[in-house]
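One structure below.
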Amino acid sequence: MPDPSSEIIYQLKNVARVRQSNGYAFSLRVPSLRIQRGEKIALIGESGCGKSTLLDMLAFILRPTDMDGFSFHADGANAVDIGAAWKKRRRNQLAGLRKKHLGYVMQTGGLLPFLNVHDNINLSRRMLGMKDDGTVQTLARELGLSRHLHKLPSALSTGERQRVAIGRALAHRPAIVIADEPTASVDPFAAEKIMSLFIGMVEEMNITVIVASHAWRHIKQLGLRRLAHHTRKSPDGRMTETVVSG
Amino acid sequence: MLRQKRQILSLASRDYFHEWQISICFVLALAAVLGPMMVLFGLKFGIVGSMIEELVEDPLKREIRPVGSGHYDRVWMDKLRKRDDVAFIVPRVRSIASSLSVQSEASSRILHLEVIPSASGDPLLDASLAAPVGMDRVVLSASAARKLMVSAGDELQGSLVRTWRGRKERVVLPLKVVAIAPATAFKRDGLFASVMLVEALEDYRDGHAVPSMGWQGTAVTTERSYTGFRLYARSIYDVAALEDSFIRSGIEVRTQAADIETVRRMDNTLSAIYWAIALIGLGGFSLSLGASLWANVDRKRKELSVLRLVGFRTGEIVLFPLLQGVYTAVFGWGLACGIYLAAAWSINAMLAPQLERAQKVCRLLPEHYLIALGITLGAALLAALLAGMRAARVEPSEGLREL
């Protein structure tokens with residue numbers, strides 16, 4: 001096995017997503033991006049700059065409009081050509097990768113309203129046929145959700161729901177967790193607590209994490225690597241281009 | 001992948017019952033269209049069905065009788081008997097010769113009975129009872145049996161009178177009652193006898209000898225000609241064609257074809273009206289079911305996006321709305337059956353005094369319920385499948401952020 005510190009998990013070359021509507025054009029370009037196993041990546045910027053677009057592409061739920069190379073190394077050795085999978089419309093292959101290797105925390109919940117907290121956290125584990133080994137209970141305890149396990153999401157506060165979403169993203173021990181502004185909808189004090197808890201947990205589990213946020217100060221303290229990006233607007237404001245590198 | 005299919009089905013069920021208020025609305029919307037359609041069909045089926053049944057059950061409606069008297073021979077009769085659309089045919093002799101005075105031990109009266117030629121399989125007689133055979137076994141009409149105070153198994157004495165070579169003669173004919181005909185079959189005083197016996201009565205009256213009975217007379221009849229016949233078509237639907245074939249061969253006949261035609265035309269008219277309403281109803285029904293299932297998938301886009309995000313395959317995602325469609329179809333159908341049964345019961349109870357015995361104005365056969373279920377399931381699955389496929393085609397990142 002190669003040195004884990006240099007093990008690459010994502011490798012992107014000239015990946016872009018261009019969207020045009022009503023005469024406005026938005027584009028997100030990634031000339032080159034490598035993410036290594038165990039890295040903690042932060043994507044900082046105001047809303048509308050394309051953070052979610054990049055995260056969705058990294059989660060294989062948004063198809064890049066252009067790509068020279070997009071490979072994903074799930075378990076070190078085998079590289080999966082994501083670009084080819086998109087081009088050949090292998091949606092189920094991508095779904096299989098998400099199921100096994102990915103956890104995703106959305107800005108607001110993304111929980112299934114008809115499942116209680118326990119079943120929401122257990123969703124991916126059940127899909128993978130993983131045994132009930134107390135993982136859900138342990139996660140719930142760490143996330144302070146033990147007494148809510150049998151409640152439906154509608155009975156929880158926003159912060160509690162975000163913690164359930166974190167639990168669901170981690171429960172099946174994925175290789176990567178992607179979080180899109182996971183604390184944007186809770187108050188700043190709770191946000192810092194949840195973010196610290198989240199980063200602490202992925203560190204402990206040695207999970208690669210990519211998190212988007214607009215608050216850098218706190219993230220910096222948690223030791224995340226910031227992806228450099230800059231956003232340009234054309235003088236008439238009709239074109240927005242964001243270039244990410246790292 | 002079976003595990004994931006089971007899991008998505010269980011998720012769809014939990015969602016359906018979690019959102020029970022909305023599910024009830026879908027079920028009600030479906031039953032509100034399907035229930036009345038079932039009542040409508042039940043009425044059409046019940047009304048026309050009982051009219052047709054009445055026609056089919058009544059042998060008199062299948063009878064074809066010649067007008068006046070003619071000359072028919074045995075060969076011609078046999079040819080008719082072989083036709084598929086003829087259920088029963090026996091020859092008739094001159095009406096003047098087909099009567100008999102009868103006396104019983106129980107009653108002092110002498111009754112003058114009309115003699116009706118018959119045989120086994122006579123539609124007027126009860127098929128489960130014995131048929132008239134030979135020279136002595138006969139069936140009495142209900143009114144004759146009442147007047148003679150006899151029942152099946154009793155003996156009778158027939159008496160036959162003729163004037164032959166200037167002398168008045170009389171023979172006595174011992175008879176045995178093997179059955180009593182149903183009261184509806186023949187209203188007058190009558191005696192059903194075998195063709196052989198009827199022929200013997202005619203021969204005796206005409207002065208011919210009847211060797212089997214030991215009756216004297218002129219030479220035995222060899223070439224017999226009949227004046228008429230009793231003919232019943234196989235079913236009411238064969239009457240018109242038979243009538244045509246008689247008319248073509250120059251025999252004037254009287255039938256109930258006009259009556260039958262009226263009912264059939266009514267059936268056609270009612271069927272046309274029903275199908276017009278049913279097609280409009282079915283259109284509305286499919287649209288309402290399709291629209292509600294389509295809307296449901298649209299409403300569920302967020303949940304379906306989450307399911308795609310966590311890695312369910314396209315084929316599994318489609319199962320989600322599909323199962324919910326099945327639930328709506330089955331529950332809606334069940335409720336519609338309930339609505340139908342309640343409506344049918346009230347309609348039948350309301351009209352019961354005006355109906356004969358077990359007649360029902362509104363009724364459905366078990367297969368009709370199943371057909372209704374099949375149509376409902378088909379429409380529901382189609383709508384849910386189309387909507388589900390559309391949902392599965394949308395890029396998974398879309399719809400996610402709405403949550």
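In what follows, chains are A, B, ... by sequence order, proteins preceding strands, each numbered from 1.
When all heavy atoms of A:N116 and B:R14 are compared, the closest pair comes out as N-NH2, 4.2 Å. The shortest non-hydrogen separation linking A:P113 to B:H18 is O-NE2, 3.4 Å. Closest of all the heavy-atom pairs between A:F114 and B:L11 is CE1-O, 3.4 Å.
Summarising the local packing, NZ of A:K100 is surrounded by 12 or fewer heavy atoms from other residues, nucleotides or ligands at distances under 6.0 Å. Annotation: A:R19, atom CZ; neighbour count of heavy atoms from other residues, nucleotides and ligands within 6.0 Å does not exceed 12.
For the atom pair CZ (B:R308) and CD1 (A:I61), the distance works out to 10.0 Å, reported to the nearest 0.5 Å. To the nearest 0.5 Å, atoms CD (B:E316) and CE (A:M127) are separated by 6.5 Å. Atom CG of A:L123 is separated from atom CD of B:Q7 by 5.5 Å, given to the nearest 0.5 angstrom.
Proximity to chain A is limited to the side chain of B:S10, based on heavy atoms less than 4.5 angstrom apart. When heavy atoms are compared at a cutoff of 4.5 Å, A:T53 does not approach chain B at all. In this structure, the portion of A:R91 lying under 4.5 Å from any heavy atom of chain B is its side chain and not its backbone. Neither the backbone nor the side chain of B:Y16 comes within contact range of chain A; no heavy atom of the residue lies under 4.5 Å from a heavy atom of that chain.
Side chain of B:R313 to main chain of A:G96: no donor-acceptor pair is present (N/O by atom type, distance under 3.5 Å, no hydrogens or angles).
Options B:L307, B:I8, B:V310 differ in how many heavy-atom pairs under 4.5 Å they form with chain A, and the most are formed by B:V310. Ranked by heavy-atom pairs under 4.5 Å with chain B, the list A:L102, A:L152, A:L94, A:L62 is led by A:L62.
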